[in-house]
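One structure below.
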Amino acid sequence: MRFINKYLRNLAPYKVASHKIWEVASEERKKMLKLDWNEATIPPSPLVNERLKKLVNEQEVYYLYPSTHNAELLDLLATYTSLPKENIQYFASSDSLHEYLVRMFVGVGDPILILGPTYDNFRLTCESQGAQIYYHDYSSNFELDQEAFKNKIKEVTPSLVYICNPNNPTGNVLDRDYLLDLITNSPDTIFLIDEAYYEFYGQTMSNYVLVHPNLFVTRTFSKAFALANFRAGYLLASAENILQISKIRNPKNFTTFTQEAVTAVLSDTDYMWQYVKEVLEARTIFQENLLNSSVVKKIYPSQGNFLLVEFKDFDLKMKVYNTLSEHHIFVRNLMHSKLLMNTLRITIGTKEQMEHVLKVIQTIA
């Protein structure tokens, strides 16, 4: 124990959800519905399969390091984001990207302000560096007192503010003008805007990285693009910030298989947008029908590919959770905040998949 980094000794781990789906054979896996990690519920663009089938026969990709600068991929990202290539860098997951950002900007004792409850892995990343974490929580209805949050920033004077937008697990968003006001009025504070669910929301802060050096926008290919297993994400920031973070980024960690998969989905964005359309329609239908359930107290408005569902009490929540599990439907049992104790987060899939989930919940009196 004495050899361990002292900041890790009493560190609360990031709690992962069920992964029973990987404990069974492939055929059994197909009967399960994994709605606990906000992954896509269908395969990615068929172009991924086509490109990987060709790649798997190129034996040199197994023993050589991958390309450290994929110009085609960067061109596609520039087209997709409508930003210059100088403002973009890709990483082996947005989690990995967050670790690099923390290494760059966070030191021992630095104050970090997190708007929560939110994605908890970022807290873990900062605490492992010895940072001091401060929280500002949404209200019990997951609404934000905007003036109070501005005052919290002034009070803490954080090195970095982490905002997930849309927020996970609540699904709520902060509008562009308010975020811009925060960023503009705190030029010495870094604002990390996690846009993991951007495609389902449609609004972004990305263009403002061209004029605000204290703004960093991160995104992932794990959600709308259906590439969770490939671990791919990217950063949008000022050209100078991209240059600096690229100095410590290890480009060999972005495998050739991941590069090919990302290139494929960015070459077929129509497929992704059609899936997003299906999810948004399914979310509306599922929410409207679930509100009629006798066990549901409230469903919070969401701009992500998930819904936060509050049940009438803790026992009912657990009954729903266990019943879904018995039917091989896995949802997220949220316990890391007192505001979430009676809630489940349910990833939204296709209309057909969500109709199945609804039927199971409706069996509970």
Side-chain angles (χ1 to χ4, degrees), residues 7-23 32-39 94-95 98 112-128 131 133-144 162-172 194 196-197 222-223 228 283 286-287 290 293-349 357 360-361 364:
Y7 304 113
L8 298 181
R9 292 172 190 169
N10 298 309
L11 188 63
Y14 169 62
K15 294 180 180 178
V16 297
S18 164
H19 240 176
K20 294 177 183 176
I21 200 165
W22 293 113
E23 298 171 4
M32 296 179 169
L33 188 52
K34 192 171 185 297
L35 304 178
D36 54 356
W37 278 18
N38 294 342
E39 301 128 313
S94 56
D95 288 328
H98 291 166
I112 305 299
L113 181 59
I114 296 177
L115 180 59
T118 193
Y119 180 51
D120 191 48
N121 193 62
F122 187 75
R123 179 272 313 167
L124 176 101
T125 299
C126 292
E127 285 188 337
S128 68
I133 305 297
Y134 294 87
Y135 289 99
H136 185 89
D137 283 345
Y138 289 99
S139 71
S140 57
N141 290 320
F142 301 114
E143 296 172 351
L144 180 66
Y162 175 74
I163 300 172
C164 193
N165 202 51
N167 188 43
N168 169 23
T170 59
N172 61 304
D194 187 338
Y197 303 95
S222 296
K223 313 300 182 184
R283 188 182 70 195
F286 181 70
Q287 180 169 354
L290 189 59
S293 170
S294 61
V295 299
V296 171
K297 179 180 178 182
K298 185 172 182 177
I299 301 176
Y300 292 92
S302 173
Q303 296 293 337
N305 67 331
F306 56 88
L307 285 172
L308 182 68
V309 182
E310 183 177 353
F311 296 88
K312 292 184 176 177
D313 58 48
F314 181 77
D315 289 339
L316 274 175
K317 176 187 92 159
M318 293 309 300
K319 187 174 183 180
V320 172
Y321 177 76
N322 291 326
T323 301
L324 288 172
S325 295
E326 290 166 6
H327 286 79
H328 307 297
I329 300 169
F330 304 110
V331 299
R332 190 63 180 264
N333 184 10
L334 298 166
M335 306 283 281
H336 64 279
S337 166
K338 63 182 180 180
L339 297 176
L340 302 170
M341 292 305 290
N342 292 340
T343 67
L344 296 174
R345 190 193 66 196
I346 303 175
T347 303
I348 303 299
V357 177
V360 172
I361 294 177
I364 302 169

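The figures here come from the full heavy-atom set of this structure, side chains too, leaving out hydrogens, waters and symmetry mates. Positions are given from 1 along the sequence.
Contact between P169 and P117 at its shortest, heavy atoms only, is CD-O, 3.7 Å. Taking every heavy atom of both residues into account, P166 and G171 meet most closely at CB-O, 4.1 Å. Nearest approach of Y321 to V331, heavy atoms of both residues: CE1-O, 3.3 Å. Closest approach of A228 to S222, counting heavy atoms only: CA-OG, 3.5 Å.
Between L307 and R283, some side-chain heavy-atom pair lies under the 4.5 Å cut-off. Residues D313 and L316 are in side-chain contact: their nearest non-hydrogen atoms beyond the backbone lie under 4.5 Å apart. In this structure, the side chains of V360 and T323 come closer than 4.5 Å at one or more pairs of heavy atoms. With contacts defined as side-chain heavy-atom distances shorter than 4.5 Å, the pair N172/P301 does not qualify. I299 places none of its side-chain heavy atoms less than 4.5 Å from the side chain of L308. Between Y138 and E143, the closest side-chain pair of non-hydrogen atoms is not below 4.5 Å. In this structure, the side chains of Y134 and I112 stay at 4.5 Å or more apart for every pair of heavy atoms. Residues F306 and R332 have side chains not in contact (no heavy-atom distance under 4.5 Å, counting atoms from C-beta outward).
A side-chain donor-acceptor contact under 3.5 Å links K312 to the backbone of S294. Looking only at distances, no side-chain donor or acceptor of N168 sits under 3.5 Å from a matching main-chain atom of T118.
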### Message
Let's go through V295 and V320 carefully: what are the C-alpha distance in whole Å and the side-chain angles of both, what is the deciding distance for side chain to side chain contact (heavy atoms under 4.5 Å, CB included) to 0.1 Å, and is it a yes or a no?
### Response
CA-CA 9 Å; V295 299; V320 172; 4.1 Å; yes
### Message
Assess the residue pair L35 and F330 against the criterion (side chain to side chain contact (heavy atoms under 4.5 Å, CB included)); give the C-alpha distance rounded to whole Å, side-chain angles, the decisive distance to 0.1 Å, and a yes or no.
### Response
CA-CA 5 Å; L35 304 178; F330 304 110; over 6 Å; no
### Task
Assess whether side chain to side chain contact (heavy atoms under 4.5 Å, CB included) is satisfied between K298 and N141, documenting all intermediate values.
CA-CA 10 Å; K298 185 172 182 177; N141 290 320; 3.4 Å; yes
### Message
Does N333 form a side-chain hydrogen bond (donor to acceptor under 3.5 Å, both in side chains) with R345? I'd like the steps, not just the answer.
### Response
CA-CA 7 Å; N333 184 10; R345 190 193 66 196; over 6 Å; no
### Query
Yes or no on side chain to side chain contact (heavy atoms under 4.5 Å, CB included) for L339 and F142, after CA distance, side-chain angles and deciding distance?
CA-CA 9 Å; L339 297 176; F142 301 114; 4.0 Å; yes
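For the atom pair CD of E127 and CZ of F122, the computed distance is 11.0 Å after rounding to the nearest 0.5 Å. Rounded to the nearest 0.5 angstrom, I329 CD1 and D36 CG are separated by 11.5 Å. One finds the CG atom of L324 at 9.0 Å from the CG atom of N322 (value rounded to the nearest 0.5 Å). Here the straight-line distance linking atom CG of N305 with atom CD of E39 works out to 9.5 Å at 0.5 Å rounding. In this structure, N121 CG and D194 CG are separated by 10.5 Å, a value rounded to the nearest 0.5 Å. F311 CZ to S293 OG: the interatomic distance, rounded to the nearest 0.5 Å, is 7.0 Å.
Between Y162 and H98, the two ring planes are perpendicular [angle over 60°; tilted spans 30° to 60°].
The pair D315-K317 does not meet the salt-bridge criterion, since no charged nitrogen lies less than 4.0 angstrom from a carboxylate oxygen.
Looking only at atom types and distance, the side chain of Y300 has a donor-acceptor partner in the side chain of E310 under 3.5 Å away. A donor-acceptor pair shorter than 3.5 Å can be found between the side chains of N167 and T170. Defined by atom type and a distance below 3.5 Å, a donor-acceptor pair is missing between the side-chain atoms of N38 and Y119.
The ring pair (Phe, Tyr, Trp, His ring centres under 6.0 Å) test applied to H136 returns F149, not counting sequence neighbours.
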